[in-house]
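Please read the structure below before turning to the comments.
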Amino acid sequence: MKNIDTFDFTNKKVLIRVDFNVPLNDKFEITDDTRIRAAIPTIKKVLSSGGAVILISHLGRPKDGPEQKFSLQHLVPELSKQIGVDVQFADDCIGEQAIEKAGSLKSGEVLLLENLRFYKEETKGDEAFAQKLSKLADVYMNDAFGTAHRAHASTAIIAKFFPENKMFGYVMNNELININKVIKEGKKPITAILGGAKVSGKIEIINNLIDKVDNIIIGGGMMFTFIKALGGDIGNSLVEDDLLDTAKAAMEKAEENNVCFHIPTDAVIADKFDNDANIKFCNSHEIPDGWMGLDIGPETGQAFKDLIGASETILWNGPMGVFEMPNFAQGTIEVAHAIADATKNGAFSLIGGGDSVAAINKFNLQDEVSYVSTGGGAMLEFIEGKVLPGVAAIEE
Ligand code: AMP
């Protein structure tokens with residue numbers, strides 16, 4: 001594998017797999033350009049080093065061939081503005097037009113190809129489709145961390161057609177470096193904060209982190225499966241009864257590894273799943289029937305704040321409560337602020353996964369933590385210890 005910073009791009013055509021899966025409104029205007037902004041340094045690096053750029057991406061989930069609402073053409077004006085170059089467009093990612101436009105592309109120019117997922121071959125990881133794409137360029141660069149956990153034609157299969165000239169872009173590099181700062185090189189004490197609705201989505205992460213971290217903090221709806229496994233009364237709180245043994249086994253494994261498992265001691269409880277429900281605080285192991293826990297309580301919030309404040313490395317995935325409702329957002333707000341404060345005092349903090357990223361943005365703390373992963377599912381699979389096909393294809 002090659003390095004974007006040292007590679008000589010002079011007169012090379014570089015096929016960059018980006019993640020331009022951006023939200024569009026009814027008028028096909030971009031409502032959040034985070035993913036476009038993220039890709040700009042990689043594109044500019046290739047252009048300023050004498051190369052030409054061919055961008056490939058997916059957008060949305062087209063079902064059966066081309067659909068106007070999923071056309072990447074909608075991105076051309078914004079992309080041209082952000083790169084500072086008039087971006088050319090081919091309305092098919094393979095075929096005559098793509099070959100012609102890629103063929104006549106000169107150094108310093110940029111060509112965007114139409115949505116890869118207009119071909120079902122893309123998600124199927126079809127080798128012949130990947131080969132057609134590969135013929136358009138001299139170099140392959142993967143900068144789409146968000147799809148790195150998929151073995152799609154453009155994210156993994158294509159790499160074999162560039163045995164010498166393949167590399168990561170800056171988005172990929174940054175994601176891998178920052179996640180490894182926690183799971184491989186984390187300074188101790190390391191604290192993982194895991195919340196969200198369900199144990200089922202998080203159990204593999206918990207199990208993989210047990211021999212890597214010092215503290216595991218549990219919050220969110222999934223805490224009640226752990227509390228029930230410990231013999232507590234959880235009233236009508238969210239629970240996964242089929243995972244009680246799994247939860248118990250994770251706690252036992254943590255104890256064997258000298259990892260402290262922190263389960264909330266108190267909770268905010270409500271008589272219905274509604275911001276306007278009747279609300280009380282109570283011991284999280286003694287929730288009466290007819291009531292459900294929708295946030296961690298104040299005693300737990302304080303204990304978690306102290307733990308976070310004493311940590312050198314922090315990983316956060318998943319809210320502590322139903323943070324979308326103001327009456328059950330306090331625990332998540334306190335944890336987010338504690339992470340920002342710890343970061344100010346020198347800790348490294350990584351935030352990842354849809355809802356914790358939404359929470360950190362909602363509280364406007366995104367610039368006060370060390371790194372916010374854009375990866376979602378890819379980041380979670382990486383933390384679970386899985387090999388990501390998009391990463392392996394470049395590294396092997
Ligand atoms: P996840 O996608 O698994 O990270 O879960 C995020 C969702 O979990 C958010 O929409 C929260 O509202 C929800 N959540 C957090 N705490 C609770 C709780 N105590 N009961 C029910 N849902 C919860």
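In what follows, every heavy atom counts, from backbone to side chain, and hydrogens, waters and symmetry copies are set aside. Both ligands and their constituent atoms are indexed starting at 1 by order of listing.
- Enclosure of atom CD in E96 is not indicated, since only 12 or fewer non-hydrogen atoms of other residues, nucleotides or ligands lie within 6.0 angstrom.
- For the atom pair CD1 of I30 and CG of L79, the computed distance is 8.0 Å after rounding to the nearest 0.5 Å.
- For K248, the NZ atom is loosely surrounded, since the number of other residues' heavy atoms within 6.0 Å does not exceed 12.
- Scanning for ring-ring contact (aromatic ring centres under 6.0 Å, His included) contacts around Y119 gives F129, with sequence neighbours left out.
- In this structure the side chain of I183 reaches within 4.5 angstrom of the side chain of F382, judged on heavy atoms.
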Tabulation required: pairs of a nitrogen or oxygen in ligand 1 and a protein nitrogen or oxygen under 3.5 Å; columns are atom names and distance to 0.1 Å; otherwise 'none'.
| from | atom 1 | to | atom 2 | distance (Å) |
| --- | --- | --- | --- | --- |
| ligand 1 | 2 (O) | D355 | OD2 | 3.4 |
| ligand 1 | 3 (O) | A197 | N | 3.2 |
| ligand 1 | 4 (O) | K202 | NZ | 3.2 |
| ligand 1 | 5 (O) | A197 | N | 2.9 |
| ligand 1 | 8 (O) | A197 | N | 3.2 |
| ligand 1 | 10 (O) | E324 | OE2 | 2.5 |
| ligand 1 | 12 (O) | E324 | OE1 | 2.7 |
| ligand 1 | 12 (O) | E324 | OE2 | 3.4 |
| ligand 1 | 16 (N) | G221 | N | 3.1 |
| ligand 1 | 19 (N) | G293 | O | 3.0 |

Step by step, work out the ring pair (Phe, Tyr, Trp, His ring centres under 6.0 Å) result for F261 and F226. CA-CA 10 Å; F261 224 84; F226 287 94; 5.4 Å; yes
